[in-house]
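A short write-up of the structure that comes next.
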Amino acid sequence: MEAVVFVFSLLDCCALIFLSVYFIITLSDLECDYINARSCCSKLNKWVIPELVGHTLVTVLMLISLHWFIFLLNLPVASWNIYRYIMVPSGNMGVFDPTEIHNRGQLKSHMKEAMIKLGFHLLCFFMYLYSMILALIND
C-alpha cells in the first residue's frame with residue numbers, strides 16, 4: 001500500500017513540475033511581450049485550481065498514510081496555494097489579473113514564486129522516488 005501512495009505522489013509531482021515550467025514559460029512570454037497580459041492571465045488562471053487540488057491531494061494523502069515529515073514539508077506550500085486562491089480580491093479575473101500583473105512588481109513576484117515551486121517540486125520528486133524505491137524493496 002505504501003508503494004501505491006508514493007507512485008501516485010510521484011505522478012502528481014510530475015504534473016506539478018510540468019505546471020511550474022508552464023507558468024515560468026508563460027510569465028516569461030509576458031515579460032518579453034510575446035503575449036498580452038489578458039491572454040497570459042487567462043492561460044495561467046485556468047491551471048490554478050488543478051495545481052491547488054493536485055498539491056492538496058498529495059498533502060492529505062501523506063497525512064492519511066502517516067508520513068509526517070513529508071506532510072509537514074508539503075503543508076506550507078499547500079497552505080500558501082489555498083491562501084492565495086481565497087484572497088483574490090473581488091473584481092479580479094483570478095490569482096493572475098491582467099490589470100494588476102504589471103503593477104507593484106507582481107510579474108517578478110509571480111515569476112519568483114513559480115521558480116521556488118519548481119525547485120520545491122523537483123526536491124519532492126526525488127524524495128518520492130527514493131521513498132517509492134524503498135517501499136518496493138521492503139514489500
Same cluster for [X] and [Y] if Ile/Leu/Val/Met/Phe/Trp/Tyr side chains link at under 4.5 Å?
X    : Y    : value
W68  : V5   : yes
F126 : V21  : yes
I86  : V77  : yes
I70  : Y130 : no
I82  : L61  : yes

Could you tell me whether the side chain of M62 reaches within less than 4.5 Å of the side chain of S65, counting heavy atoms only?
-> yes
Flag side-chain contact, heavy atom, 4.5 Å: M127 against L73 = yes
Verify side chain to side chain contact (heavy atoms under 4.5 Å, CB included) between L66 and F71, making sure each step is shown before the conclusion.
-> CA-CA 8 Å; L66 302 177; F71 167 72; over 6 Å; no
Full working for side chain to side chain contact (heavy atoms under 4.5 Å, CB included) between I101 and L27 = CA-CA 10 Å; I101 196 157; L27 289 168; 4.1 Å; yes
Over all heavy atoms of both residues, which pair between [X] and [Y] is shortest? Give the atoms and the distance, please.
X    : Y   : result
V58  : D12 : CG2-OD2, 2.8 Å
F125 : C13 : N-SG, 3.5 Å
N92  : V88 : CB-CG1, 3.9 Å
G54  : L16 : C-CD1, 4.4 Å
M132 : A3  : CG-O, 4.4 Å

Give a yes or no on whether the backbone of L134 and the side-chain of N138 come within a donor-acceptor separation of less than 3.5 Å.
-> yes
Spell out, as yes or no, whether a donor-acceptor pair under 3.5 Å connects the side chain of S109 to the backbone of Q106.
-> yes
Parallel under 30°, tilted from 30 to 60°, perpendicular over 60°: which one fits the rings of F6 and H67?
-> perpendicular
Between Y22 and F18, how do the two ring planes meet: parallel, tilted or perpendicular, split at 30° and 60°?
-> parallel
Can you tell me how far apart [atom1] ([X]) and [atom2] ([Y]) are? Round to the nearest 0.5 Å.
X    : Y   : atom1 : atom2 : value
K43  : I35 : NZ    : CD1   : 4.5 Å
L122 : I17 : CG    : CD1   : 4.5 Å
N81  : T59 : CG    : OG1   : 9.0 Å
C41  : L30 : SG    : CG    : 7.0 Å
Y85  : N45 : OH    : CG    : 9.5 Å
N74  : S9  : CG    : OG    : 8.0 Å

So, do F120 and H55 have ring centers that fall under 6.0 Å from each other?
-> yes
Validation row, ring centre F23 to ring centre H110 under 6.0 Å | no
Salt bridge or not for E51 and K46, using N-O below 4.0 Å?
-> no
So C40 and D29, side chain to side chain contact (heavy atoms under 4.5 Å, CB included) or not? Walk me through it.
-> CA-CA 8 Å; C40 173; D29 285 350; over 6 Å; no
More than 12 non-hydrogen atoms from neighbouring residues, nucleotides or ligands closer than 6.0 Å to CZ on R84, yes or no?
-> yes
For N36, what residues pass the side-chain hydrogen bond (donor to acceptor under 3.5 Å, both in side chains) criterion, not counting sequence neighbours?
-> S39
Stepwise side chain to side chain contact (heavy atoms under 4.5 Å, CB included) test for K112 and K108 | CA-CA 6 Å; K112 189 186 309 180; K108 291 288 184 191; over 6 Å; no
